[in-house]
*Asks:* 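The following block contains the structure, expressed as structure tokens.
Numbering starts at 1 and runs along the sequence shown.
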Amino acid sequence: MSKEKISWKQKEQIIFICEILLFVIGSVLFLVSRVGNLFNLGLVAIMILFCMNILFSIKNFKENFLYFFMQLTLFTFQISRPFIGMCKGRKWWEESFQKEENIWFALTLIVITETALYIGANIIKFFHIKIRENNTRSSDSIFCKAEFVSNLRKVSMLVFYVTMLFYLIEQFEPLIKIGTGNYLDYYTNYSSSLPGFFHTLASFARYSICVFLATLPEKKKTFIPLSLYVLSTIPSLLIGVRNPAMLSLLFVLSYYLLRDYLVDDKKWIGKIEKGLLAICTPALIIFMGVYAYIRSGLKIVSGNFLTLIADFFYGQGVTFNVTAIAYGYREGIRLSPHLNFTFGDIIDYIYRGSIGQKIFHTEGLTSANSEFNALHSNNLSHILSYLSMKEDYLNGRGRGSNYLVETWFDFGYVGAFIFSIILGIILLYMVYGFGKRALLSTIILVSLQNIFFIPRAEATGWLTFIVYIQFWLCIAVCYGGTLFCYKTKLFDRLKRKKAL
């Protein structure tokens with residue numbers, strides 16, 4: 001037994017040495033490429049740093065899978081387009097029609113985040129033993145008692161099923177109003193006719209399922225709720241919005257892997273699940289690539305399945321261009337009357353939300369692309385799209401954003417570096433902290449619904465829910481209902497009554 005432990009420890013040390021070598025080689029090559037203005041060499045350096053992070057991820061995949069997923073989305077949205085261009089022998093740095101300094105800016109930010117993520121992940125790994133000890137479940141708290149958690153599971157499941165009806169109606173409303181494939185109309189002309197309380201109840205579905213899953217139910221009891229959660233994204237997909245469907249599938253996979261990490265009485269990722277992943281992943285990538293052509297009314301590219309997969313990644317990698325374009329419009333963006341992009345959604349919710357409008361006498365943001373949103377929100381995507389493609393933006397198109405460029409605008413290169421370190425810490429802490437306390441696990445799960453999208457979205461958009469009244473209202477309903485059932489022994493009485 002001791003020999004096996006020593007053997008594994010030696011393997012980890014060898015892998016760590018390889019990671020350091022990759023870091024040194026990648027860093028040196030990037031510096032050389034920058035001095036010599038060699039774009040392909042700079043991209044090779046980035047791929048070496050990417051491989052360093054992938055090697056770190058697979059070294060202990062059961063702990064590092066969230067970090068691995070972030071690396072995949074970072075590659076998809078930020079690295080894939082120039083990488084595919086290089087593999088095809090093209091001058092990819094000229095294809096976005098940006099100045100060379102803009103391209104180098106985008107490459108530099110990728111190097112910064114790949115390095116900082118690795119540092120953050122290693123910091124949390126070094127301290128993970130203390131974190132585990134500090135997050136042990138306290139048996140003295142009523143919220144940690146098995147009976148209370150069991151009641152919370154039942155109450156949250158009931159809340160989910162009831163509010164999912166409202167959520168589905170909310171999701172089908174734009175589909176009924178504007179039809180399938182009209183995603184541009186969705187971003188320009190659509191506005192909901194449903195009353196405010198309807199949207200509040202609908203939002204409970206996304207939160208209550210996380211409360212339910214945080215109670216660690218049996219695998220078979222999660223099948224229907226998770227299936228409903230994924231299927232509820234179909235209306236958005238039919239309109240032409242693909243992100244909710246992809247993120248919901250990644251959320252389900254993350255939850256299964258989290259449960260596997262906890263090593264409870266049942267294995268969550270078995271042979272069947274692995275087989276489905278092997279078959280469905282390339283099929284899904286191909287479908288999403290083809291669907292991009294369908295929703296835009298373009299002719300589908302011909303070729304084998306590898307060509308279709310490469311085309312998918314190339315299309316998604318447009319965010320690399322967004323980073324370069326943002327740098328080109330940096331002066332205009334800095335002149336906009338924004339407060340902060342990194343925490344923009346949180347600021348806008350507090351300052352221009354329904355309560356903020358009454359307290360600060362402000363005007364609320366519109367639900368569609370508009371000049372008001374571009375000039376008065378703290379959303380980089382709006383102002384960048386407005387400055388760089390005004391007519392297209394007002395007609396429903398947009399460039400998007402990403403955490404790299406947002407943190408750079410607010411805090412410079414140092415800020416982007418520190419944010420990425422924190423992100424690396426968070427990705428592993430989510431695994432270590434999950435399953436210790438129900439509320440903490442709920443927050444982790446709600447965060448996982450959107451965190452993997454930040455390489456092409458707002459830096460803290462995944463965390464905005466923490467200031468939403470709807471989230472805390474849902475928590476209050478679930479925990480308040482559970483406390484009532486726990487004190488009155490309601491479920492026990494119902495069970496005895498049913499037995500009679």
Side-chain angles (χ1 to χ4, degrees), residues 11-61 64-93 100-126 313 317 319-321 323-324 327 402-405 407-408 412-425 427-428 454-455:
K11 288 179 182 178
E12 280 194 320
Q13 290 174 346
I14 293 170
I15 294 173
F16 179 72
I17 291 171
C18 291
E19 291 167 9
I20 298 302
L21 285 174
L22 288 173
F23 170 72
V24 172
I25 294 169
S27 300
V28 170
L29 286 180
F30 188 76
L31 290 173
V32 172
S33 69
R34 190 68 184 90
V35 172
N37 203 38
L38 306 170
F39 289 99
N40 278 334
L41 184 61
L43 188 54
V44 168
I46 286 174
M47 289 306 301
I48 290 173
L49 294 175
F50 173 72
C51 289
M52 172 194 71
N53 279 302
I54 293 298
L55 187 61
F56 170 83
S57 300
I58 62 178
K59 180 171 60 179
N60 191 350
F61 186 76
N64 303 339
F65 65 91
L66 294 180
Y67 187 86
F68 177 76
F69 290 160
M70 183 60 72
Q71 286 297 320
L72 291 185
T73 55
L74 190 61
F75 174 83
T76 301
F77 298 130
Q78 292 285 348
I79 306 174
S80 62
R81 176 169 284 220
F83 176 71
I84 292 171
M86 182 180 69
C87 291
K88 291 184 176 181
R90 302 202 300 253
K91 292 184 178 181
W92 51 270
W93 57 91
E100 289 187 353
E101 64 172 341
N102 299 359
I103 302 298
W104 280 117
F105 169 76
L107 293 175
T108 301
L109 282 184
I110 296 172
V111 169
I112 286 173
T113 195
E114 288 286 23
T115 303
L117 283 169
Y118 180 74
I119 293 172
N122 277 282
I123 289 173
I124 190 68
K125 270 206 175 288
F126 182 77
F313 280 104
T319 309
F320 175 83
N321 293 348
T323 305
Y327 187 73
N402 61 78
Y403 76 94
L404 301 174
V405 73
T407 52
W408 178 82
Y413 289 109
V414 174
F417 185 77
I418 293 173
F419 182 89
S420 295
I421 289 178
I422 295 171
L423 181 60
I425 292 172
L427 289 169
L428 268 73
I454 65 171

*Asks:* Can you name the nearest heavy-atom pair linking Ile103 to Ala324, along with the distance?
*Replies:* CD1-CB, 4.2 Å
*Asks:* Answer whether the closest heavy-atom distance between the side chains of Cys18 and Leu55 falls below 4.5 Å.
*Replies:* yes
*Asks:* Met86 vs Val44, test: side-chain contact (heavy atoms from CB on, under 4.5 Å). Steps then yes/no.
*Replies:* CA-CA 9 Å; Met86 182 180 69; Val44 168; 4.1 Å; yes
*Asks:* Tyr327: which residues meet the side chain to side chain donor-acceptor pair (under 3.5 Å) condition with it, sequence neighbours left out?
*Replies:* none
*Asks:* Decide yes or no for Phe320 and Ser80: does some side-chain heavy atom of the first lie under 4.5 Å from some side-chain heavy atom of the second?
*Replies:* no
*Asks:* Where is the tightest heavy-atom contact between Trp92 and Asn40, given as atom of each residue plus distance?
*Replies:* NE1-OD1, 2.8 Å
*Asks:* Show the numbers, then the answer: is there a side-chain contact (heavy atoms from CB on, under 4.5 Å) between Phe69 and Thr73?
*Replies:* CA-CA 6 Å; Phe69 290 160; Thr73 55; 5.7 Å; no
*Asks:* Is atom CZ of Phe23 surrounded by more than 12 heavy atoms (other residues, nucleotides or ligands) closer than 6.0 Å?
*Replies:* no
*Asks:* How long is the straight-line distance from OG1 of Thr407 back to OH of Tyr413, given to the nearest 0.5 Å?
*Replies:* 11.0 Å
*Asks:* Rounded at 0.5 Å granularity, tell me how far OG1 in Thr323 sits from CG in Asn102.
*Replies:* 10.5 Å
*Asks:* Do Phe56 and Tyr118 have ring centroids that are under 6.0 Å from one another?
*Replies:* yes
*Asks:* With a 4.5 Å limit on heavy-atom distance, are the side chains of Leu66 and Leu428 in contact?
*Replies:* no
*Asks:* Test of understanding: with side chain to side chain donor-acceptor pair (under 3.5 Å), list the residues that count as partners of Gln71, not counting sequence neighbours.
*Replies:* Glu114
*Asks:* Below 4.5 Å, heavy atoms only, C-beta onward: do Asn37 and Trp104 meet side chain to side chain?
*Replies:* yes
*Asks:* Do you know the tightest heavy-atom contact between Ala416 and Leu109?
*Replies:* CB-CD2, 4.3 Å
*Asks:* Taking all atoms of both residues into account, what is the closest heavy-atom pair of Cys51 and Leu22, and its distance?
*Replies:* C-CD1, 4.2 Å
*Asks:* Could you check whether the rings of Phe61 and Phe65 sit parallel, tilted or perpendicular, using 30° and 60° as the cut-offs?
*Replies:* tilted
*Asks:* Output the distance between atom CG (Leu43) and atom OG (Ser33), rounded to the nearest 0.5 Å.
*Replies:* 9.5 Å
*Asks:* Provide the closest heavy-atom pair for Ala45 versus Gly26 in the form atom of the first, atom of the second, distance.
*Replies:* CB-O, 3.2 Å
*Asks:* With side chains defined as the heavy atoms from C-beta onward, is the minimum distance between Phe83 and Phe75 less than 4.5 Å?
*Replies:* yes
*Asks:* Step by step, work out the side-chain contact (heavy atoms from CB on, under 4.5 Å) result for Lys11 and Lys59.
*Replies:* CA-CA 9 Å; Lys11 288 179 182 178; Lys59 180 171 60 179; over 6 Å; no
*Asks:* CZ of Arg81 to CD1 of Ile79: how many Å apart, nearest 0.5 Å?
*Replies:* 14.5 Å
*Asks:* Tell me, do Ile454 and Met70 make a side-chain contact under 4.5 Å, heavy atoms counted?
*Replies:* yes
*Asks:* Using a 4.5 Å cut-off on heavy atoms from C-beta on, say whether the side chain of Met47 contacts that of Phe50.
*Replies:* yes
*Asks:* Side-chain contact, heavy-atom cut-off 4.5 Å: Ile124 with Leu427?
*Replies:* no
*Asks:* To the closest 0.5 Å, what do you measure between CG (Asn402) and CG (Leu74)?
*Replies:* 9.0 Å
*Asks:* How close do Ser57 and Asn64 get, heavy atom to heavy atom, and via which atoms?
*Replies:* O-CB, 3.3 Å
*Asks:* Hey, what do you get for CD1 (Ile46) to CD (Gln78), rounding to the nearest 0.5 Å?
*Replies:* 9.5 Å
*Asks:* So among Ile123, Leu117, Asn122, which one has a side chain to side chain contact (heavy atoms under 4.5 Å, CB included) with Ile119?
*Replies:* Ile123
*Asks:* How are the rings of Phe39 and Trp93 set to each other: parallel, tilted or perpendicular (split at 30° and 60°)?
*Replies:* parallel
*Asks:* Apply side-chain contact (heavy atoms from CB on, under 4.5 Å) to Phe30 and Leu49, showing your working.
*Replies:* CA-CA 10 Å; Phe30 188 76; Leu49 294 175; 6.0 Å; no
